[in-house]
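Data first, discussion second: the structure below is written as structure tokens.
Only this structure's heavy atoms are used, side chains among them; waters, hydrogens and symmetry mates stay out. Order of the sequence lines fixes the chain letters, A, B, ..., with proteins taken first and strands second; residue numbering starts at 1 for each chain.
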Number of protein chains: 2
Amino acid sequence: MTDRPPPDRPHDRPIATLPRLGEIGLTNYAPYLMNRIMGRYNASLRTEMAELGLTTPKMRALAVLSVIDGPLIRELSVYIVAEQSTLSRALDQLAAEGLIHRETDPGDSRATRVFITDAGRATFETLWPRMAEAQARMFRGITDDERRAFVGTLQKMLANIRKHEI
Amino acid sequence: MTDRPPPDRPHDRPIATLPRLGEIGLTNYAPYLMNRIMGRYNASLRTEMAELGLTTPKMRALAVLSVIDGPLIRELSVYIVAEQSTLSRALDQLAAEGLIHRETDPGDSRATRVFITDAGRATFETLWPRMAEAQARMFRGITDDERRAFVGTLQKMLANIRKHEI
DNA sequence: CAGGGATATTTGCAAATGCATTTAAATCTG
DNA sequence: CAGATTTAAATGCATTTGCAAATATCCCTG
């Protein structure tokens with residue numbers, strides 16, 4: 001159960017070859033660490049979400065809608081990182097439960113804007129302490145300065161990989 | 001489409017109330033940023049993975065197995081952040097495609113150890129440049145020092161939220 | 001060393017997801 | 001301004017996923 005030694009580099013390859021994952025080491029490859037941390041974070045919320053009848057996209061939609069008022073469905077799908085079709089169905093459920101409502105955009109009748117209801121806000125407020133707690137656990141033993149620097153780097157990274165203008 | 005102003009704090013609540021998500025701001029809440037960045041990273045690999053007949057857990061299994069030799073299935077599921085049942089089925093497929101093979105643990109016949117084959121290693125080597133590229137894009141314009149500090153914080157975070165001893 | 005509980009993995013099944021397509025409306029172009 | 005093209009959202013369908021239960025094996029205790 002230990003990292004295997006890096007394989008010998010063939011003689012016919014230049015020195016500046018792309019390093020292999022084994023050479024970097026799993027725990028120095030940022031996407032691996034981030035996926036694993038977020039997997040735990042999301043799993044730690046799943047029980048609480050299930051009790052409220054929420055899935056991950058439904059919860060994320062409520063979270064974003066508690067902050068951003070009346071986005072288009074396509075915009076919302078960017079924020080919550082889900083396919084538009086997934087979001088469309090999640091919104092069906094949230095609307096049926098009275099947690100959001102949809103309104104056709106006044107200026108473009110193809111488009112739909114989404115709003116959180118008071119009930120939706122209340123549901124999110126129930127979940128929020130657990131989310132804050134999960135975040136606090138992640139940052140245990142990390143100074144405010146280090147956390148600020150970390151979040152600053154995340155913001156740069158988001159700007160780098162952003163595909164949409166949102 | 002702008003962050004709404006923080007709602008008034010009710011008079012009957014103490015000052016030290018848990019700050020709301022709207023007060024922190026979406027782009028200062030680390031889990032939101034990390035989910036969004038990883039969503040893009042994973043999406044950016046999906047096309048290439050699909051061409052190789054891989055799903056996310058299959059790809060992650062190959063990635064981990066290229067570095068760690070012969071883990072138990074349950075251990076592997078921790079690394080790749082998936083349910084054992086999901087991994088079990090992903091391994092069925094990878095084995096059918098000849099990319100891994102499973103062997104009953106000599107000392108415990110309940111347990112199964114997983115090994116990558118040469119073909120599996122070759123498949124992962126095809127994908128790895130795209131993964132390295134996606135990582136490089138994430139860190140564009142970020143200095144080596146900043147990246148090292150960032151990865152260091154990630155490692156602390158993983159230790160914090162780790163549920164298993166792996 | 002037998003029996004109860006724990007552990008490793010697989011399987012059944014319902015729900016969720018992603019891709020491709022459809023529907024509807026707006027915009028561009030000649 | 002008609003027809004082609006683009007854009008927003010919803011829907012059909014096959015696949016994937018997660019939870020719970022089943023199966024097989026191991027370990028612990030009396």
What residues, two or more places apart in sequence or in another chain, satisfy side chain to side chain donor-acceptor pair (under 3.5 Å) together with [X]?
{"X": "B/E97", "result": "B/K58"}
{"X": "A/T153", "result": "B/E146"}
{"X": "B/R89", "result": "none"}
{"X": "B/R110", "result": "B/D108"}

Using a heavy-atom cut-off of 4.0 Å across all strands, would you classify A/Q84 as base, sugar-phosphate, or nothing?
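If one applies the 4.0 Å heavy-atom cut-off, A/Q84 turns out to touch a base.
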Can you tell me how far P of C/dA8 sits from CD of B/E83, to the nearest Å?
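Rounded to the whole Å, the gap is 15 Å.
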Do any side-chain nitrogens or oxygens of B/R74 fall under 4.0 Å of OP1 or OP2 in C/dA8?
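For B/R74, the contact criterion (side-chain N or O under 4.0 Å from OP1 or OP2 of C/dA8) is met.
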Would you check if the side chain of B/T117 reaches a backbone N or O of B/L99 as a donor-acceptor pair within less than 3.5 Å?
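Answer holds: yes.
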Of A/L154, A/V78, A/I161, A/I80, which is the lone residue that meets side-chain contact (heavy atoms from CB on, under 4.5 Å) with B/R36?
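Among A/L154, A/V78, A/I161, A/I80, the one meeting side-chain contact (heavy atoms from CB on, under 4.5 Å) with B/R36 is A/V78.
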Hey, can you pull the residues of residues 45-63 of chain B with a non-hydrogen atom under 4.0 angstrom from DNA chain C?
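The answer is B/R46.
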List, one per line, each side-chain donor-acceptor pair under 3.5 Å for residues 43-50 of chain B, sequence neighbours excluded.
residue: B/S44; atom: OG; partner: B/Y41; partner atom: O; Å: 2.7
residue: B/E48; atom: OE1; partner: B/R130; partner atom: NH1; Å: 2.9

Quick check: on DNA chain D, is the nucleotide nearest A/A111 upstream (toward 5') of the one nearest B/G107, or the reverse? Name the residue that is more 5'.
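The residue whose closest nucleotide sits nearer the 5' end is A/A111.
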Flag yes if B/L76 and B/V81 sit in one hydrophobic cluster, no otherwise; membership is Ile, Leu, Val, Met, Phe, Trp, Tyr, and two members link when side-chain heavy atoms are under 4.5 Å apart.
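No, separate clusters.
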Ring pair (Phe, Tyr, Trp, His ring centres under 6.0 Å): which pairs involve residues 81-116 of chain B, sequence neighbours left out?
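For residues 81-116 of chain B, and leaving out neighbouring residues, the ring pair (Phe, Tyr, Trp, His ring centres under 6.0 Å) pairs sorted by first residue read B/H101-B/F115.
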Once ring pair (Phe, Tyr, Trp, His ring centres under 6.0 Å) is applied, what residue pairs with a partner in residues 50-77 of chain B remain, sequence neighbours excluded?
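Not a single pair qualifies under ring pair (Phe, Tyr, Trp, His ring centres under 6.0 Å).
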Between which nucleotides of DNA chain D, 5' to 3', does chain B make heavy-atom contacts below 4.0 Å?
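First and last nucleotides in contact are D/dT16 to D/dC26.
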Output the residues of residues 85-100 of chain A in contact with DNA chain D, where contact means a heavy atom of the residue under 4.0 Å from an atom of the strand; sort by number or write none.
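Within residues 85-100 of chain A, the residues near DNA chain D are A/S85, A/S88, A/R89.
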List the atom of B/P19, the atom of B/I24, and the distance in Å for their closest heavy-atom pair.
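Nearest pair, atom of B/P19 first, then B/I24: CB-CG1, 4.3 Å.
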At 10 degrees resolution, what angle do the end axes of the helix from C/dC1-D/dG30 to C/dG30-D/dC1 form when each is taken over five base pairs?
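Rounded value for the end-axis angle: 30°.
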Reading DNA chain C from 5' onward, which residue's closest nucleotide shows up sooner: B/I73 or A/S109?
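Result: B/I73.
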Are B/R121 and B/D118 ion-paired here, with the side-chain N under 4.0 Å from a carboxylate O?
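Salt bridge between B/R121 and B/D118, a charged N being under 4.0 Å from a carboxylate O: no.
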Report the residues that fulfil ring pair (Phe, Tyr, Trp, His ring centres under 6.0 Å) with A/Y32, sequence neighbours left out, ordered by chain and then residue number.
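So A/Y32 forms no ring pair (Phe, Tyr, Trp, His ring centres under 6.0 Å) with any residue.
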